[in-house]
Amino acid sequence: MRTELGRVPVLAHFTEGLLGLRTHGAVIHNLGLAGLPEERRNAALYALTLMLGYPTSTDQRTGRVAWDVRARPATEGGSRFTTFSERVGNADMHTDSSFYPMPEEQFVLYVVHAARCDGGKSLLVDGDDIYDTLQRTDEGRAAFDLLCTTPVPFRVPAVYAAGEETVEVHVAPVFGPVTRAASRYSVKPAPRFAMRWRYDSILKGLDARPDLATPALCDALALMNEVVEKGAVRFEEQLPDDTLMLVDNHHMLHGRTTYTDERRHLIRIRISDVPNAERIGPSGVARD
């Protein structure tokens with residue numbers, strides 16, 4: 001299908017332009033999908049992401065590829081671990097699929113309906129800026145070294161787990177080796193590490209795996225969170241309707257400012273560099 005899509009001039013030209021950008025993130029306004037029926041809009045987004053790699057299913061229960069980022073009705077009970085895409089409010093800085101064995105290398109977010117409450121601004125923080133900030137102090141350098149070598153537990157949110165009451169935890173360092181081929185990076189030199197981060201998932205993972213919650217690790221994680229939330233330089237912009245954001249998920253954190261407009265609606269598609277049949281899924285099994 002990718003070969004056939006490559007024969008569509010507009011799609012081929014647009015994809016070539018995206019791949020040629022020397023950046024870890026890009027924002028494209030006025031994509032041209034506003035007003036399309038949901039099926040046609042999502043099909044167009046799928047075609048675009050297929051040209052960039054291999055779109056993946058978001059969760060192991062439904063197999064959905066195009067994921068709706070919008071508020072959902074609250075469920076009763078306080079034990080369910082919800083994810084940022086299910087509720088209003090802010091989203092702390094994180095990488096997607098941080099709690100899975102093989103986080104996708106890229107993702108796109110498409111704005112169907114931006115918040116009309118002067119909130120919900122998109123945030124990006126580059127891994128290089130996080131590294132530079134940590135390297136300014138002895139404490140930061142020690143934290144970086146520890147987070148490169150120490151396993152950290154990430155709990156899977158309930159909506160992505162095998163069942164609502166299932167507690168799944170994946171253990172991995174925050175900073176790991178680069179897995180993407182150097183040829184996949186337009187940024188030169190290629191990044192020095194691949195990063196996974198989601199502080200709320202880590203805290204719940206430590207609750208499930210208290211044997212890993214050493215004082216040194218907890219201090220390093222708290223410092224990392226301080227840097228990503230307050231210390232590092234960040235991009236902040238209210239993305240209007242019909243805007244596409246492409247992000248390097250291994251080297252860029254993303255989040256959003258708080259908002260109250262429940263009509264806010266984005267579409268997210270995650271993109272892997274390898275075919276789905278070669279990926280290790282959230283429960284440690286290969287998925288087709």
Side-chain angles (χ1 to χ4, degrees), residues 1-6 11-12 14-21 23-26 28 42-69 83-85 94-110 124 127 154 156-157 159-162 168 170-187 190-191 193-198 201 244-254 266-288:
M1 182 182 291
R2 183 179 291 116
T3 301
E4 296 175 354
L5 291 173
L11 187 58
F14 184 74
T15 305
E16 182 180 0
L18 281 179
L19 293 174
L21 295 175
T23 180
H24 293 132
I28 299 94
N42 288 356
L45 292 172
Y46 179 80
L48 171 61
T49 55
L50 187 59
M51 293 292 289
L52 297 172
Y54 298 90
T56 66
S57 57
T58 291
D59 66 87
Q60 55 190 314
R61 279 180 283 164
T62 68
R64 283 176 290 178
V65 173
W67 179 264
D68 292 298
V69 180
T83 190
F84 298 128
S85 62
H94 63 286
T95 56
D96 269 10
S97 299
S98 56
F99 36 74
Y100 286 169
M102 295 177 65
E104 293 88 346
E105 287 81 3
Q106 303 175 86
F107 70 87
V108 298
L109 279 171
Y110 173 76
L124 295 173
F154 293 79
V156 181
V159 71
Y160 300 142
E168 294 186 23
H170 178 69
V171 178
V174 171
F175 299 103
V178 175
T179 57
R180 302 190 80 187
S183 60
R184 298 286 301 190
Y185 284 101
S186 58
V187 177
F193 53 77
M195 176 174 54
R196 66 171 76 212
W197 179 256
R198 181 168 166 166
S201 173
L244 184 81
M245 183 165 69
L246 172 67
V247 177
D248 179 340
N249 190 49
H250 282 196
H251 205 72
M252 186 81 77
L253 301 184
H254 66 287
L266 282 67
I267 300 293
R268 183 195 65 218
I269 300 180
R270 296 168 176 162
I271 313 165
S272 173
D273 283 354
V274 299
N276 288 330
E278 299 177 19
R279 291 179 52 75
I280 303 300
S283 294
V285 297
R287 289 181 57 90
D288 293 328

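The two residues I271 and G53 make their nearest non-hydrogen contact at CG2-CA, 3.6 Å. R268 and L109 get closest at one heavy-atom pair: CB-CD2, 3.5 Å. Taking both residues in full, the closest heavy atoms of G127 and F193 are given as O-CZ, 3.6 Å, listed atom of the first, atom of the second, then distance. Minimum interatomic distance between T95 and M252 (heavy atoms only, all atoms of both residues): CG2-O, 3.8 Å.
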So M195 and L253, side chain to side chain contact (heavy atoms under 4.5 Å, CB included) or not? Walk me through it.
-> CA-CA 9 Å; M195 176 174 54; L253 301 184; 3.8 Å; yes
Step by step, work out the side chain to side chain contact (heavy atoms under 4.5 Å, CB included) result for I269 and N42.
-> CA-CA 10 Å; I269 300 180; N42 288 356; over 6 Å; no
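The side-chain heavy atoms of D96 and V247, taken from C-beta on, include no pair separated by under 4.5 Å. Residues V156 and Y100 meet the side-chain proximity criterion, which asks for heavy atoms closer than 4.5 Å. Side-chain contact check for L18 versus L48: some heavy-atom pair is nearer than 4.5 Å. Under the 4.5 Å side-chain criterion, counting only non-hydrogen atoms from C-beta, L124 is not in contact with H24. Inter-residue side-chain proximity for R2 and M51 is flagged as met; some heavy-atom pair is nearer than 4.5 Å. Using a 4.5 Å heavy-atom threshold, the side chains of V274 and M102 count as touching. P103 is listed as a side-chain neighbour of N249, based on a closest heavy-atom distance under 4.5 Å. The closest side-chain heavy-atom distance from L50 to Y46 is below 4.5 Å.
E105 contributes atom CD, which lies 8.5 Å from atom CG of D248 (distance to the nearest 0.5 angstrom). Taken from CZ in F154 to CZ in R198, the straight-line distance is 10.5 Å, to the nearest 0.5 Å. How far CG of L244 is from CD1 of I267: 11.5 Å, rounded to the nearest 0.5 Å.
The closest donor-acceptor contact from the side chain of S272 to the backbone of E104 lies at 3.5 Å or more, if one exists at all. Here the side chain of N276 pairs a donor or acceptor atom with the backbone of P55 at under 3.5 angstrom.
No side-chain donor-acceptor contact under 3.5 Å links R279 and T56.
In this structure, the ring pair (Phe, Tyr, Trp, His ring centres under 6.0 Å) partners of F107, at least two apart in sequence or on a different chain, are H254. For A172, the side-chain contact (heavy atoms from CB on, under 4.5 Å) test picks out H170, R196, with sequence neighbours left out. For A194, the side-chain contact (heavy atoms from CB on, under 4.5 Å) partners two or more places apart in sequence, or in a different chain, are H250.
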